[in-house]
Visitor: 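Structure incoming, see below.
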Amino acid sequence: MDNGLTRSSIIRSLLAFSLPTWINAVLGVVAVPIVTRLFEPEVLGKFNLFSTYSTILFCIALIGINQGIMRFYHEPPGRNTTGGFYKLCHSVAAVSVCLVIGGIIVCRVYLSNAIAGEYDPYLVLCLALFVVAATFLNVVNSSFRMRGATLAYGVMTVLMNVGAKLTYVGATLLDDKFVGAITLITISYVALAVFYMMMDLFRYRKEPVVFGRDEIIPLLTYSLPLMPVLFISQINTALPKVMIASSLGYSEVGVYTSAYSIVSLISVVQSGINVFWAPFVYKNYSKYPEYLSAGHDIIAFAMTVFGLGVILAQDFIYLAIGPNYHGSQSFFPLLLFAPVCYTISETTGVGINISKKTYLNLVVYGVTILVTLVLCRLLVPVLHLEGAAIAVAMAALVMLIIKTLLGERYYRVINSRTRSFLAPTLFLVVAAANTFYFEYFHVRSLITLFGMLLVCVIYREQLRVFIGEFRKWSGSRAKGDG
């Protein structure tokens, strides 16, 4: 298969797996103006802290099982069939969830105070239930991905995002909007978890499961090193919010996280790419390494150009945002840099997982969280929210560099290091310029356009393939209409 066809097939697969994330992007676009106009910054700040802590806790409860499913789903270790292996994963996750719930009970006062500034047993109950539901939903979701059940995966992903982004809007009708919001989001996730768990119980009811050393040890050996990685990466995201809450107050957390609502426009693209990338890698890395190199170039180009497009459209986007949150516009381009770096690093650092040296991810994210912590402590008291955004951007760049160097050591993906690092560097320069020249609309717009032009020149081959695919798609649509 020639390079052109390879790139085209990669783009088609990428778009097919990313469809649910585009639907979620639409949900995000709908949710952002509603949420920022109906919720005060303080309420939104507390709710986002609830989401942050619950995400950290379910990442711990998951103990990397979702990654284990992707690695062993088609090659179950020991004597288990695929169905037996999947039931084993659920059993291991159930034990882990029980341990995390015990930790929540022990740390209930700290967690409640960190989220809402006071101890509330009901908040702790919602937190525990949400963590349980989110853990099992992610296990089920991972199985859909590996089964190639695109429709089932898409429907489930959309339902989860509706639960996370839209259900709590109903809390605006209640006196206590924060309590109402965490109640509605918890109920939606628990209901989804019960539904999908019942489906799984019926689907795999006749599948035997073997609980032996040869079945459990390979799963845990692969999965457990990835649990700290997920935990640390979530801690890295949470650190600025926690430090803003302690230094500046919950209202400032609300303003800061409103910028993340805009960042979610590119994060959904990141999620769609990640869904496509893992199965694609394990299917092709041994026989077709050139496919991975082509995929890396396409993903780096797509993420960079899309992110710059969001920056260019920022003034139109912020027209939909509530006026209380407009203060986040000056620094949100810097926050956009993080998902760009994380997505590119998933392609350049693929050698870490292929070589099964997943412990190296601890080095990557350990250094990243240290950089975030130090920079937040130095910059947040001085530069406030802009300081937090700078810390996030610089930590993301450090992470990309380290993960790329380690990944390339065990599996070479990059054809041109200059090109691979030039794109994110240009993005960072444009993001910084947009913050520095925020008051000068024409200056920052010209800088952004020039950055997009340079990226298109650097990745002109990938641009031609995208244009070709678009022409094929528009041509088939025209024939269908005719």
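FYI, the numbering just counts along the sequence from 1.
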Visitor: Quick check against the 3.5 Å criterion: does Ser223 have a side-chain atom that pairs as donor or acceptor with the backbone of Leu220?
Guide: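 A pair under 3.5 Å: no.
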Visitor: What's the spacing between Leu375 CG and Ile390 CD1 if we round to 0.5 Å?
Guide: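 Going from CG on Leu375 over to CD1 on Ile390, the span is 9.0 Å.
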Visitor: Return the orientation label for the Phe427 and Phe337 ring planes: parallel under 30°, perpendicular over 60°, tilted otherwise.
Guide: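 Ring orientation of Phe427 relative to Phe337: parallel.
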Visitor: Tell me, yes or no, whether the heavy-atom count around Arg37 atom CZ, taken from other residues, nucleotides or ligands under 6.0 Å, exceeds 12.
Guide: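 Enclosed: over 12 neighbouring heavy atoms sit under 6.0 Å from CZ of Arg37.
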Visitor: For residues 88-102, tabulate all N or O donor-acceptor pairs below 3.5 Å that involve a side-chain atom, not counting sequence neighbours.
Guide:
from, atom 1, to, atom 2, distance (Å)
His90, NE2, Tyr86, OH, 3.0
His90, NE2, Asp200, OD2, 3.3
Ser91, OG, Lys87, O, 3.0
Ser96, OG, Ala61, O, 2.6

Visitor: With sequence neighbours left out, what residues match Tyr222 under ring pair (Phe, Tyr, Trp, His ring centres under 6.0 Å)?
Guide: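 Per chain and number, Tyr222 pairs via ring pair (Phe, Tyr, Trp, His ring centres under 6.0 Å) with Phe72.
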Visitor: Checking Tyr250 side chain against Gly117 main chain: does a donor-acceptor pair fall under 3.5 Å?
Guide: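 Indeed, once roles are kept as given, a pair shorter than 3.5 Å links the two residues.
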Visitor: Ignoring hydrogens and geometry, is there a side-chain-to-backbone donor-acceptor pair from Glu408 to Gly349 under 3.5 Å?
Guide: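 The answer is no, because no donor-acceptor pair under 3.5 Å joins these two groups.
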Visitor: Applying ring pair (Phe, Tyr, Trp, His ring centres under 6.0 Å), can you list everything that pairs with Phe58, at least two apart in sequence or on another chain?
Guide: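 Phe58 satisfies ring pair (Phe, Tyr, Trp, His ring centres under 6.0 Å) with no other residue.
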Visitor: Find out whether Asn141 and Tyr196 are in side-chain contact, i.e. whether some heavy atom of one side chain is under 4.5 Å from a heavy atom of the other.
Guide: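 SC-SC contact between Asn141 and Tyr196 ruled out.
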Visitor: Between the side chain of Asn113 and the main-chain N/O of Val109, is any donor-acceptor distance below 3.5 Å?
Guide: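 Yes.
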Visitor: Looking only at atom types and distance, does a side-chain atom of Glu252 sit under 3.5 Å from a main-chain N or O of Leu385, one as donor and one as acceptor?
Guide: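 Absent.
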Visitor: Applying ring pair (Phe, Tyr, Trp, His ring centres under 6.0 Å), which residue pairs with at least one partner in residues 112-131 are found, sequence neighbours left out?
Guide: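 For residues 112-131: Phe130-Tyr189.
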Visitor: For Arg412, does the CZ atom have more than 12 heavy-atom neighbours from other residues, nucleotides or ligands under 6.0 Å away?
Guide: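 Above 12, so yes.
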Visitor: Short question: side chain of Asn80, backbone of Pro76 - any donor-acceptor pair under 3.5 Å?
Guide: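 Looks like no, no N/O pair under 3.5 Å.
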Visitor: Examine the side chains of Ser258 and Thr36 and answer whether a donor and an acceptor come within less than 3.5 Å of each other.
Guide: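 Absent: no donor and acceptor within the cut-off.
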Visitor: Checking Thr404 side chain against Thr348 main chain: does a donor-acceptor pair fall under 3.5 Å?
Guide: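 Such a contact is absent between Thr404 side chain and Thr348 backbone.
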Visitor: Hey, what do you get for CG (Leu292) to OG1 (Thr347), rounding to the nearest 0.5 Å?
Guide: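 Nearest 0.5 Å value for the CG-OG1 distance: 9.0 Å.
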Visitor: How long is the span from the CD atom in Glu346 to the NE2 atom in His296, to the nearest 0.5 Å?
Guide: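 Glu346 atom CD to His296 atom NE2 measures 13.0 Å (nearest 0.5 Å).
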Visitor: For Leu405, enumerate each residue passing the side-chain contact (heavy atoms from CB on, under 4.5 Å) test, keeping only those at least two apart in sequence or located in another chain.
Guide: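 side-chain contact (heavy atoms from CB on, under 4.5 Å) check on Leu405 returns Ile401.
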Visitor: Roughly how far apart are Phe50 CZ and Thr55 OG1, rounded to 0.5 Å?
Guide: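 Atom-to-atom, Phe50:CZ and Thr55:OG1 are 9.5 Å apart.
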Visitor: Sub-3.5 Å donor-acceptor pair from the side chain of Ser293 to the main-chain atoms of Val413, do we have one?
Guide: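 Here the side-chain-to-backbone pair exists.
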Visitor: Output the distance between atom OG1 (Thr257) and atom CD1 (Ile244), rounded to the nearest 0.5 Å.
Guide: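 Result: 8.5 Å between the selected atoms.
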Visitor: Treating Tyr325 as the side-chain partner and Glu40 as the backbone partner, does any N or O pair qualify as donor plus acceptor under 3.5 Å?
Guide: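 Checking the backbone N and O of Glu40 against the side chain of Tyr325, a donor-acceptor pair under 3.5 Å is found.
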Visitor: For Arg203, enumerate each residue passing the side-chain contact (heavy atoms from CB on, under 4.5 Å) test, keeping only those at least two apart in sequence or located in another chain.
Guide: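 With neighbours one apart ignored, the set is Arg147.
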Visitor: Between Lys177 (side chain only) and Leu38 (backbone N and O only), is there a donor and an acceptor less than 3.5 Å apart?
Guide: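 Answer holds: yes.
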Visitor: Quick one: CG on Leu125 to OG on Ser112, what's the gap to the nearest 0.5 Å?
Guide: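 Answer rounded to 0.5 Å: 12.0 Å.
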Visitor: For this output row, return yes or no: ring centroids of Phe178 and Phe39 closer than 6.0 angstrom.
Guide: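 No, the ring of Phe178 stays outside the 6.0 Å limit from the ring of Phe39, centre to centre.
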